[in-house]
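Everything quoted here is computed from the prediction, not taken from an experiment.
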Amino acid sequence: MIRLYNTLTRKKEDFQTLEPNVVKMYVCGVTVYNDAHVGHAMSAIVFDIIRRYLEYRGYTVRHVMNYTDVDDKIINRANQLGEDPLKLSQRYIEDYANDLKNLNVLPATSNPQVSKTMPLIIEFIQGLIQKEAAYAASNGDVYFSVAEDKDYGKLSGRKLDDMQAGARIEVGEAKNHPMDFALWKAAKPGEISWDSPWGKGRPGWHIECSAMNLAELGEQIDIHGGGNDLIFPHHENEIAQTESYTGKQFSRYWIHNGMLQLGGEKMSKSLGNIVSIKDFLKTRDADVMRMLVLMGSYRAPLIFNDETQDAAEKSLERIKSALRPASPSSSGLSAGSAAELTAQAEATRKSFVEAMDDDFNSPLALASLYELVKAINTARDNGATDSQLEPAQKMLRELTGVFGLQLKEKTGSSENEAKVIALIAERNEARKQKQWARSDELRDQLKAMGVSIEDSKDGTTWRWG
RNA sequence: GGCGUCGUGGCCAAGUGGUAAGGCAAGGGUCUGCAAAACCCUCACCACGGGUUCGAAUCCCGUCGACGCCUCCA
């Protein structure tokens, strides 16, 4: 039984889907107006791991991730660049999709866009007005009426009275209640807009997700996810809109990832402390980003610095070490020892699943993986053959695959490869002659080319990296 | 000011009532011509102060501190 932490109840709960074996999961994507950063990567990876794990446990996952392509910031940026806003956002949609691919994040089942959901959004707003959950104001805006929603604030644990509305946000005079939020914003001159019963305008920030959810997954879904900075107001407002509209519980489970932190602060566009996904991938492997995420709880803040990145990189190296072949002269393990290794593989699978079943406890699941790593390496040291290592290595691949780790060995160019082989042959000759100085010189030379050398009784092996 | 999350070894981090997983780093060792990799060994009483309990990192109260949200934000 999978248990997961539900923001709505602030408790871990047994996971039960609306339909057997199917998970309807909606994850808030990004607003597309510039390069995505590693904080976005964290969120995407968290839900990618959740999705992969649910699939591993036999569920069919309908994974929807939206793109917010109509928004103030997009309009501002488009104005700056003198570009059509929808063209600009489309460009960044493709760009983000590419980033995700490079991070080995599986494509969502569908990626709806606000600009392509306009009729449904308008219909949704009309429905809310009919139910008197919303009202058209004199200025052409349409607002959601929070006072009419008796359980408004249930996700974020806020009460309307406690929120100092207007303290930091300007209260529009057209609003009935200071906390009322816009479903539809009247267009300013020259702004991109769509026709509606309330005149030209565009949707407010929250209604799109409610509408796209409805369009893609129906009135009720299993999991709604996103960064914990979205709990309020975004997700709170989504609940208010959708539940007012359908009269049913919207999402059964709300899952929120913690914030990635750089220098003790949340990484965000507005703070400007940003490392883009592209810049990250220039110097580190995609696996490193994923390992960083796996090392901690998805709900906790993720400390992003050189030290944690180095640690992640080294940990990956260790896992990779277990995937390497047996030594050439291996004489074979006793049948008993080989059976022990296979048993360890199965034990690891069990503890891995047990850990992940408990609210996706990846640090604990990783610990069980290291146990298997150690068993494989010990078996190899003791002379296991490739066929004896195989079941355990296959299991390790299977489980790291659930995490979405690729564990690729580095590669160099093939023209260099011939040179490497020649240098190693030369070095082996030198070693035979006990010309250690020459031998070490050649090793340094290879190292400079990015080649690691390992000598053993059976001769010399090498690899890139 | 309100709401929420949290404070575990040098760093990252699991554990939420029975005497502290794991990874990285560090030190020692096996192996090696020397290395590297791998393997073995060593390395914490859990922010502070009270309380509950036979027993607390784990429950309660208080203090201090950090972070997130209350405005766009993954």
N/O donor to acceptor pairs below 3.5 angstrom from side-chain atoms of residues 230-242 of chain A, sequence neighbours left out:
| from | atom 1 | to | atom 2 | distance (Å) |
| --- | --- | --- | --- | --- |
| A:H234 | ND1 | A:H206 | ND1 | 2.9 |
| A:H234 | NE2 | A:E238 | OE2 | 3.0 |
| A:H235 | ND1 | A:H256 | NE2 | 2.8 |
| A:E236 | OE1 | A:L155 | N | 3.2 |
| A:E236 | OE1 | A:S156 | N | 2.7 |
| A:E236 | OE1 | A:S156 | OG | 2.6 |
| A:E236 | OE2 | A:G153 | N | 3.0 |
| A:E236 | OE2 | A:K154 | N | 3.1 |
| A:E236 | OE2 | A:L155 | N | 3.3 |
| A:N237 | OD1 | A:Y152 | OH | 2.5 |
| A:N237 | ND2 | A:H206 | NE2 | 3.1 |
| A:N237 | ND2 | A:P233 | O | 3.4 |
| A:E238 | OE1 | A:H224 | NE2 | 3.4 |
| A:Q241 | OE1 | A:S210 | OG | 2.8 |
| A:T242 | OG1 | A:S210 | OG | 2.9 |
| A:T242 | OG1 | A:E238 | O | 3.2 |

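Residue A:K266 places at least one side-chain N or O under 4.0 Å from the OP1 or OP2 atom of B:C69. Dashed line: the shortest gap from a side-chain N or O of A:K434 to OP1 or OP2 of B:C34 is not under 4.0 Å. The side chain of A:N377 places an N or O atom within less than 4.0 Å of a non-bridging phosphate oxygen (OP1 or OP2) of B:C39. Dashed line: the shortest gap from a side-chain N or O of A:N76 to OP1 or OP2 of B:C72 is not under 4.0 Å.
Base-pair partner of B:C69: B:G2 (Watson-Crick or G-U wobble, both distances under 3.5 Å). Here B:G49 sits opposite B:C61 as a Watson-Crick or G-U wobble pair (both hydrogen-bonding atom distances under 3.5 Å). Base pairing analysis places B:C39 opposite B:G29; the two distances defining the Watson-Crick or G-U wobble pair are each below 3.5 Å.
Other residues, nucleotides and ligands contribute over 12 non-hydrogen atoms within 6.0 Å of the NZ atom of A:K278.
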> Which nucleotides of nucleotides 4-12 of chain B have their base under 4.0 Å from a protein heavy atom (B), which only their sugar-phosphate (S), and which neither (-), written as one string 5' to 3'?
Replying inline: S------SS
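Nearest to the side chain of A:P363, among B:A13, B:C24, B:A37, sits B:A13. Distance from the side chain of A:R443 is smallest for B:G33 among the nucleotides B:C24, B:G33, B:C69.
Among A:D285, A:D287, A:T400, the single residue meeting the side chain to side chain contact (heavy atoms under 4.5 Å, CB included) criterion with A:L316 is A:D287.
Remark: the A:R318 side chain and the B:C24 base include no donor-acceptor N/O pair separated by less than 3.5 Å.
When the nearest nucleotides of RNA chain B are assigned to A:N257 and A:D381 by heavy-atom distance, the more 5′-ward of the two goes with A:D381.
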